[in-house]
There are 2 protein chains.
Amino acid sequence: MEVKLPTFNSVFSIDCVIFGFEAGELKILLIERNEEPFKDWLALPGYIVEQDESIDDAAERILYELTGLRDLHMQQFHTFGEVNRHPQGRVITVAYYALIRINGQKEVKPVTQYAKSAFWHPVNELPKLAFDHSEIFETGFNKIRRRLNYQPIAFELLPEKFTLTQLQSLYEAVLNKKLDKRNFRKKMLSYGFLKELDEKQKGVSYRAAKLYKFDRRKYTKIFQNDLNLDK
Amino acid sequence: MEVKLPTFNSVFSIDCVIFGFEAGELKILLIERNEEPFKDWLALPGYIVEQDESIDDAAERILYELTGLRDLHMQQFHTFGEVNRHPQGRVITVAYYALIRINGQKEVKPVTQYAKSAFWHPVNELPKLAFDHSEIFETGFNKIRRRLNYQPIAFELLPEKFTLTQLQSLYEAVLNKKLDKRNFRKKMLSYGFLKELDEKQKGVSYRAAKLYKFDRRKYTKIFQNDLNLDK
DNA sequence: AATATAGTGTGTCAAATTTACACCATTAAA
DNA sequence: TTTAATGGTGTAAATTTGACACACTATATT
């Protein structure tokens with residue numbers, strides 16, 4: 001079949017808002033750009049979509065190239081299509097978010113030349129970012145804030161085994177408000193998808209807390225009747 | 001500043017899922033295509049974004065050209081970017097929804113040649129649509145289903161003056177389940193953003209119901225502290 | 001050994017919200 | 001006048017939410 005489509009000079013890109021949680025603080029991944037425009041500026045990891053890859057595939061590839069991270073569960077959340085959002089031409093960008101356990105070991109590091117470096121930065125006190133990336137970040141942050149209450153996204157940010165206090169402080173960081181400890185625990189445990197382990201926290205200089213695991217099978221069993229919330 | 005961007009043959013389009021409510025049924029706008037590919041098929045109103053218009057502007061323009069409808073409050077909900085979703089090349093599409101009062105008078109009618117006709121079709125019993133439009137519709141329908149509970153979208157579908165029974169049957173059509181009349185009314189009225197009018201329904205052959213209006217000012221006053229849910 | 005420190009883990013009651021449930025009232029048409 | 005169709009209303013039980021304080025435990029310090 002012949003291709004009859006108009007051949008505009010339209011460019012598509014992906015930008016990623018990758019959240020992590022470390023030392024009680026919510027962080028996102030930023031890169032230092034190594035290309036014009038906005039050379040040397042801080043930006044969200046993002047790049048151009050190739051002709052022969054779906055946008056979901058592109059999101060994974062681009063994140064990998066700019067940060068070395070793979071196999072995240074990325075979720076599209078908004079498309080930004082203002083005419084002048086890119087100084088060099090028409091670029092429409094699809095924004096994705098993902099959540100990840102920050103692992104002290106695993107260094108984030110660009111695989112391509114497009115970025116000089118990649119690093120975690122607390123979401124409070126973010127500097128001004130390249131392009132409209134500050135707006136993209138805000139939109140994404142609002143998105144996960146809302147989803148926290150009806151999607152099990154918190155557990156993607158925590159280590160596999162976590163204490164209820166860690167879980168609570170994550171909720172507090174995302175929602176930006178204090179929660180009541182007893183009510184929080186009562187509620188979380190009442191859902192029935194947290195599995196209490198026989199293990200305790202280690203290396204703390206105070207009474208060690210019990211560790212829990214998120215039981216995804218139970219979760220989906222409990223919520224299988226809910227509407228599909230993705231997309 | 002020189003344009004250095006790659007010049008891929010990427011095409012952007014917009015597709016619209018326009019909901020209406022008539023005779024107790026939820027409907028969407030379909031067009032009959034007048035162009036290859038999928039000539040003569042039914043499809044969502046959609047077309048290609050121009051170089052010099054934002055995607056939000058494009059959505060309004062395209063909807064107008066294909067259906068004659070203007071000034072709807074359109075809301076982006078998802079971007080579809082599979083490589084082979086369009087048989088003639090790479091086309092990424094941003095999907096929008098809008099809600100509108102179906103007005104017996106106001107005929108929907110294409111302004112361009114791209115569509116032969118435009119018409120309302122019940123969301124149950126939808127035929128197979130062109131491209132991946134069936135999937136786009138499903139995604140959009142799920143979206144408004146969810147939003148119904150925390151955005152005042154129901155009122156965009158109803159006439160300015162409506163009865164509580166009409167409001168309830170709209171909720172039932174969107175959520176696809178029966179609701180309890182007394183509880184529904186109690187709840188709706190308790191919000192305080194419905195204004196009871198001194199008027200009654202006319203032309204019915206049974207006891208006429210009171211008419212109500214949605215008071216948007218009160219609504220925003222009540223919910224101004226909520227998170228911004230757009231985007 | 002005693003003590004200080006820091007965070008863990010737990011229960012109850014009041015208030016608010018949600019749910020289930022049925023019958024008389026009104027209007028127009030037959 | 002009767003029938004058909006829908007409008008409009010209240011209460012009680014169950015569930016959920018929200019407020020609230022203190023004893024326990026493990027380690028580090030003296």
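Quick note on labels: first sequence line is chain A, next is B, and so on, each numbered from 1.
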Would you please confirm or rule out a distance under 4.0 Å between OP1 or OP2 of D:dC20 and any side-chain N or O of A:Arg182?
->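 Answer no for this pair, as no side-chain N or O of A:Arg182 is under 4.0 Å from OP1 or OP2.
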
Phosphate OP1/OP2 of D:dT9: any B:Lys181 side-chain N/O under 4.0 Å = no

Whole angstrom value for the distance that separates [atom2] of [N] from [atom1] of [X]:
{"X": "A:Lys200", "N": "D:dC24", "atom1": "NZ", "atom2": "P", "answer": "15 Å"}
{"X": "A:Tyr206", "N": "C:dA6", "atom1": "OH", "atom2": "C1'", "answer": "8 Å"}
{"X": "A:Leu179", "N": "D:dT17", "atom1": "CG", "atom2": "C1'", "answer": "13 Å"}
{"X": "A:Arg185", "N": "D:dC22", "atom1": "CZ", "atom2": "P", "answer": "18 Å"}
{"X": "A:Lys187", "N": "C:dG9", "atom1": "NZ", "atom2": "P", "answer": "21 Å"}
{"X": "B:Tyr191", "N": "C:dT17", "atom1": "OH", "atom2": "P", "answer": "10 Å"}
{"X": "A:Leu167", "N": "C:dT8", "atom1": "CG", "atom2": "C1'", "answer": "15 Å"}
{"X": "B:Lys210", "N": "C:dT26", "atom1": "NZ", "atom2": "C1'", "answer": "13 Å"}

5′-ward residue of the pair B:Asn183/B:Ala208 relative to DNA chain C | B:Asn183

Where each residue is assigned the nucleotide of DNA chain C containing its nearest heavy atom, which of A:Gln201 and A:Ser205 is assigned the position nearer the 5′ end?
->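 Counting from the 5' end, the first nearest nucleotide belongs to A:Ser205.
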
Any donor-acceptor pair under 3.5 Å joining the side chain of A:Arg207 to the base of C:dT8?
->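 In this structure, the two groups form a donor-acceptor pair.
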
Identify whether NZ of Lys or CZ of Arg in A:Arg147 sits under 6.0 Å from the centre of the six-membered ring of A:Tyr97 and within 45° of that ring's axis.
->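 That pair does not qualify as a cation-pi contact.
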
cation_pi(A:Arg216, A:Phe214) dist<6.0 Å, angle<=45 =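 Because its charged atom misses either the 6.0 Å distance or the 45° angle limit, A:Arg216 does not stack over A:Phe214.
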
With a non-hydrogen cut-off below 4.0 angstrom, is A:Lys186 in contact with a base, only sugar-phosphate, or nothing?
->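 Base, at least one base atom sits under 4.0 Å.
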
Looking at every strand, decide which applies to B:Thr165 at a 4.0 Å heavy-atom threshold: base, sugar-phosphate, or nothing.
->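 B:Thr165: backbone/sugar contact only, no base atoms under 4.0 Å.
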
A:Asp180, nearest nucleotide to its side chain (from D:dC20, D:dT6, C:dG9) |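 In terms of side-chain proximity for A:Asp180, the closest of D:dC20, D:dT6, C:dG9 is D:dC20.
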
Between A:Phe193 and A:Tyr191, what is the ring plane arrangement, given parallel below 30°, perpendicular above 60°, and tilted in between?
-> parallel

Sub-6.0 Å ring centroid separation between A:Phe38 and A:Phe131 = yes

Indicate the atoms forming the closest heavy-atom contact of A:Ala130 with A:Ala43, along with that distance.
->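 What the structure gives for the nearest pair is CB-CB, 3.9 Å.
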
